[in-house]
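FYI, the numbering just counts along the sequence from 1. Computed from a prediction, not measured in an experiment: that's the story for all the values here.
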Amino acid sequence: MKVLALVGKSGTGKSYKSMLIAKKYNIQYIIDDGLLIKGNKILTGKSAKSEKTTISAVKRALFLEDNHKYNVINALRKENPQKLLILGTSTKMINRIIEALELDKIDKYIKIEDISTRDEIDIANNCRFQEGKHVIPVPTFEIKKDFSGYFIDKLKIFKKKGSTKEQFIEKSVVRPTYSYLGKYTISQNVLKNLVKYSCEKTEDIDKCSNIYIESKAQGIIINLDVIMQYGKNICFLMGILQKRIIKEIEHMTSLNILSVNVCVKKLRFK
């Protein structure tokens, strides 16, 4: 296996640049902050950015926990990649990851200063230390369940060749609790009001009631009863309502919604 390392201090834009480096060197596999990534998929591991403290995040990134470490080792042996890109804040960190994952020496070191301009690094620094934002080089749907309730957004990058769009890359932006103001909570009343608002926006729904929200580690389950107009297609209308509730709550709160269960209790004549 040929192993390359992308080295740069925290907040210099390594994760942002990693997919472009992988494309340039024809690398399918990336290790970044505790994750083993293949293309746009997370194969195994747990993101250090989902940890609650800086210390636990560092331990996660260095694969100091046995189950985490051996899951990644076994996945690498099973996949047997020809090339692997490892991201780290220093050569010392890279070497500790190499040792933990029982890999060979690094074939090539790439410094972030050699592939990013000073302005790009300053922008990345501002996003990290002023806004607390971190980039994970996978699409949002891949990490959504692990970051339910965090700030999470899509970062879409178009690599252009001439006037045509040659390539589309999606990454995710998260704001870990250890990086800015700590954990935040969202009132159940806020969530219920968002559900009611979605019902009010849906034509032919007269009323919603008995809204119950069940919290899970990976997200929330929403249950509600509705009264709708007689003579309408129930399944079609409930599908519209489910999608509207999911869109509204995920946009406003970043919570991952596991399911929306709607029970039509009554039909009402106009």
Seminar exercise, completed: In this structure, CE of Met1 is separated from CG of Asn80 (nearest 0.5 Å) by 6.5 Å
Exercise. Would Val7 and Ile110 satisfy side chain to side chain contact (heavy atoms under 4.5 Å, CB included), going step by step from the backbone distance to the final call?
Worked result: CA-CA 6 Å; Val7 183; Ile110 302 168; over 6 Å; no
Exercise. Just checking, is any N or O donor in the side chain of Asp206 or Gln229 under 3.5 Å from an acceptor N or O on the other one?
Worked result: yes
Problem set entry | Gap between atom CG of Asp107 and atom NZ of Lys83 - 0.5 Å precision | 10.0 Å
For this session: Indicate whether any N or O donor in one side chain lies under 3.5 Å from an N or O acceptor in the other, for Thr202 and Arg244.
Result: yes
For this session: First locate atom OG of Ser116, then atom CG of Asp122, and finally report the distance between them rounded to the nearest 0.5 Å.
Result: 11.0 Å
For this session: Please report the shortest heavy-atom distance between Ala22 and Leu85, naming the atom on each side.
Result: N-CD2, 4.5 Å
Exercise. What's the verdict on side chain to side chain contact (heavy atoms under 4.5 Å, CB included) for Ile249 and Ile246, showing C-alpha distance, side-chain angles and the deciding distance?
Worked result: CA-CA 5 Å; Ile249 291 183; Ile246 290 170; over 6 Å; no
Exercise. Do Met228 and Leu237 come close enough that some side-chain heavy atom pair is under 4.5 Å?
Worked result: yes
Problem set entry | Sub-4.5 Å side-chain heavy-atom contact between Ile211 and Asn223 | no
Problem set entry | Salt-bridge present (Lys201, Glu248; N to O < 4.0 Å) | yes
Exercise. Which value, rounded to the nearest 0.5 Å, describes the distance between Leu241 atom CG and Ile205 atom CD1?
Worked result: 5.5 Å
Exercise. Does the pair Arg77/Glu102 count as a salt bridge with the N-to-O cut at 4.0 Å?
Worked result: yes
Exercise. Do side-chain atoms of Gln242 reach the backbone of Val260 as a donor and acceptor pair under 3.5 angstrom?
Worked result: yes
Exercise. If two hydrophobic side chains count as joined below 4.5 Å and joins carry through other members, does Val195 share a cluster with Tyr212?
Worked result: no
For this session: Hey, could you give me the OH/CD1 distance between Tyr109 and Ile86, rounded to the nearest 0.5 Å?
Result: 9.0 Å
Exercise. Below 4.5 Å, heavy atoms only, C-beta onward: do Phe63 and Ile73 meet side chain to side chain?
Worked result: no
For this session: Would you mind checking if Lys59 and Glu65 are paired as a salt bridge, meaning a charged N to carboxylate O distance below 4.0 Å?
Result: no
Exercise. Do Ser198 and Lys247 have side-chain heavy atoms sitting under 4.5 Å apart?
Worked result: no
Problem set entry | Non-hydrogen side-chain atoms of Lys105 and Ile98 separated by less than 4.5 Å | no
Exercise. Taking side chain as C-beta onward, heavy atoms only, is Ile245 less than 4.5 Å from Ile222?
Worked result: yes
Seminar exercise, completed: Value for CD (Glu120) from CD (Glu113), rounded to nearest 0.5 Å, stands at 12.0 Å
Exercise. Do Ser15 and Asp32 meet the criterion of a side-chain donor-acceptor pair at a distance under 3.5 Å?
Worked result: yes
For this session: Output yes when Asp114 and Lys111 qualify as a salt bridge under the 4.0 Å nitrogen-oxygen rule, no when they do not.
Result: no
Problem set entry | Non-hydrogen atoms of Gly39 and Met19 that approach each other most closely | O-CE, 3.8 Å
Problem set entry | ILVMFWY network linking Leu103 to Val72, side-chain heavy atoms under 4.5 angstrom | yes
